[in-house]
Amino acid sequence: LQALAISFLEAAAFNLTIPFSLIYFTNVLNHSFSRALHMNLLCIFVLIATMPLSGKLASKIGPLKFLTCSCWAFLISAIPLYQLMHFKLGLVLVPFAFALMLSCFWGAMPAVIAGLFPSVVRFSGVGLGYNLMVGMIGGSCPLIALYFIDKIGLAAAPGILLSIAT
């Protein structure tokens with residue numbers, strides 16, 4: 001169950017920040033698709049560049065402590081960051097903040113999930129827990145966020161869902 005919970009947050013966090021940002025930038029914030037793609041690409045570069053550093057830092061601090069700090073960062077900042085995205089400075093800084101938080105989460109997540117299972121069933125436990133949550137939650141979180149944005153007019157819906165997932 002712990003592996004499912006960690007994978008649940010990972011699926012929600014990734015899909016509500018990096019891929020969903022394209023839809024959010026174009027449909028909610030009314031920016032051009034090319035500008036959204038450029039911002040998304042830069043965020044992916046930041047994510048890839050900082051992930052090894054996060055993994056190294058997680059191994060020094062302790063993966064569980066590092067993962068817990070990352071979860072607190074998502075919980076506390078998700079809603080304010082989505083609200084800040086409506087301003088020019090926030091439009092630039094917020095995606096990078098999400099990329100850094102994801103990097104910290106991904107730096108510790110594999111070690112924590114692998115440590116939950118004995119070596120005899122580790123491969124099956126990690127694979128099953130991770131893929132179930134990514135398959136179910138990864139696709140449905142952006143749809144739920146779009147529903148709340150469209151029907152209720154709640155522009156901070158992705159942040160609220162991300163906080164709930166945490």
Trainee: Using a 3.5 Å distance criterion without hydrogens, assess whether the side chain of D150 forms a donor-acceptor pair with backbone atoms of L146.
Mentor: no
Trainee: Report yes if some heavy atom in the side chain of C71 is under 4.5 Å from a heavy atom in the side chain of L9; otherwise report no.
Mentor: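 With C-beta onward as the side chain, the pair touches.
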Trainee: Would you say the side chain of L162 lies within less than 4.5 Å of the side chain of M101, judging by non-hydrogen atoms?
Mentor: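 When only atoms from C-beta onward are counted, L162 and M101 do not touch, as no gap falls below 4.5 Å.
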Trainee: How many angstroms lie between atom CG of L89 and atom CG of L84, to the nearest 0.5 angstrom?
Mentor: 7.0 Å
Trainee: How close do A3 and L116 get, counting heavy atoms only, and between which atoms?
Mentor: N-CD1, 3.6 Å
Trainee: Using the rule that Ile, Leu, Val, Met, Phe, Trp and Tyr join whenever any side-chain heavy atoms are under 4.5 Å apart, tell me whether L22 and I44 fall into a single cluster.
Mentor: no
Trainee: Do L53 and I48 sit in the same hydrophobic cluster, where Ile, Leu, Val, Met, Phe, Trp and Tyr count as joined when their side-chain heavy atoms come under 4.5 Å apart?
Mentor: no
Trainee: Please check this pair: side chain of S103 against backbone of T50, looking for a donor-acceptor N/O pair closer than 3.5 Å.
Mentor: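 Checking the backbone N and O of T50 against the side chain of S103, a donor-acceptor pair under 3.5 Å is found.
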Trainee: At their closest point, which heavy atom of M85 faces which heavy atom of L29, and how far apart are they?
Mentor: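 Closest heavy-atom pair between M85 and L29: O-CD1, 3.7 Å.
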Trainee: Is the side chain of Y24 donor-acceptor paired with the backbone N or O of A155 at a distance under 3.5 Å, no angle test?
Mentor: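 Pair found, side chain donor or acceptor close to backbone of A155.
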Trainee: Rounded to the nearest 0.5 Å, what's the gap from CG on L16 to CD1 on I160? Could you check?
Mentor: 11.5 Å
Trainee: Are F96 and L93 in one and the same hydrophobic cluster, where Ile, Leu, Val, Met, Phe, Trp and Tyr link if side-chain heavy atoms are under 4.5 Å apart?
Mentor: no
Trainee: How about NE2 on H38, more than 12 heavy atoms from neighbouring residues, nucleotides or ligands closer than 6.0 Å, or not?
Mentor: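 No, not enclosed.
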Trainee: Do you know which of F66, W72, F74 makes side-chain contact (heavy atoms from CB on, under 4.5 Å) with S70?
Mentor: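 For S70, the side-chain contact (heavy atoms from CB on, under 4.5 Å) check succeeds only for F74.
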Trainee: What are the two closest heavy atoms between A12 and A165, and how far apart are they?
Mentor: CB-CB, 3.7 Å
Trainee: Is there a path from V46 to L42 through hydrophobic residues (I, L, V, M, F, W, Y) whose side chains come within less than 4.5 Å of each other?
Mentor: yes
Trainee: Kindly compute the distance separating CZ (F20) from CZ (F25), expressed to the nearest 0.5 Å.
Mentor: 11.0 Å
Trainee: Counting neighbours of CZ on R122 that are heavy atoms of other residues, nucleotides or ligands and sit closer than 6.0 Å, is the number greater than 12?
Mentor: yes
Trainee: For the residue pair F14 and W106, does the interplanar ring angle fall in the parallel (under 30°), tilted (30 to 60°) or perpendicular (over 60°) class?
Mentor: tilted
Trainee: Aromatic contact between Y82 and F98, with the criterion being ring centroids under 6.0 Å apart: yes or no?
Mentor: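 Yes, the ring of Y82 comes within the 6.0 Å limit of the ring of F98, centre to centre.
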Trainee: Below 4.5 Å, heavy atoms only, C-beta onward: do L132 and L128 meet side chain to side chain?
Mentor: yes
Trainee: Answer whether the closest heavy-atom distance between the side chains of S21 and M39 falls below 4.5 Å.
Mentor: no
Trainee: Can you see which heavy atom on L64 is nearest to which on V112, and at what distance?
Mentor: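 So the two residues come closest at N-CG2, 3.7 Å.
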Trainee: Looking at A11, is its backbone amide N or carbonyl O close enough to the side chain of N15 to form a donor-acceptor pair, meaning the two atoms are under 3.5 Å apart?
Mentor: yes
Trainee: Treating Ile, Leu, Val, Met, Phe, Trp and Tyr as nodes and any side-chain heavy-atom pair under 4.5 angstrom as an edge, say whether F87 and L81 lie in one connected cluster.
Mentor: yes
Trainee: Can you give me the closest heavy-atom contact between P63 and A108, atom names plus distance?
Mentor: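 Smallest interatomic distance, heavy atoms only, reads O-CB, 3.4 Å.
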Trainee: Output the distance between atom OG1 (T166) and atom CG (L161), rounded to the nearest 0.5 Å.
Mentor: 10.5 Å
Trainee: Can you tell me how far the CG atom of L102 sits from the OG1 atom of T17, to the nearest 0.5 Å?
Mentor: 4.0 Å
Trainee: When you look at I149 and N27, which way does the side chain to side chain contact (heavy atoms under 4.5 Å, CB included) test go after all the steps?
Mentor: CA-CA 10 Å; I149 291 170; N27 293 357; over 6 Å; no
Trainee: Measuring from L75:CG to I164:CD1, what's the distance to the nearest 0.5 Å?
Mentor: 10.5 Å
Trainee: Can you give me the closest heavy-atom contact between L4 and M133, atom names plus distance?
Mentor: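 Answer, listing the atom of L4 first, then M133: O-CG, 3.2 Å.
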Trainee: Above 12 or not: heavy atoms from other molecules or residues under 6.0 Å from CZ of F148?
Mentor: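 Counting neighbours around CZ of F148, 12 or fewer heavy atoms of other residues, nucleotides or ligands fall under 6.0 Å, so no.
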Trainee: Does a side-chain heavy-atom distance below 4.5 Å link E10 with F105?
Mentor: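 A side-chain contact under 4.5 Å exists here.
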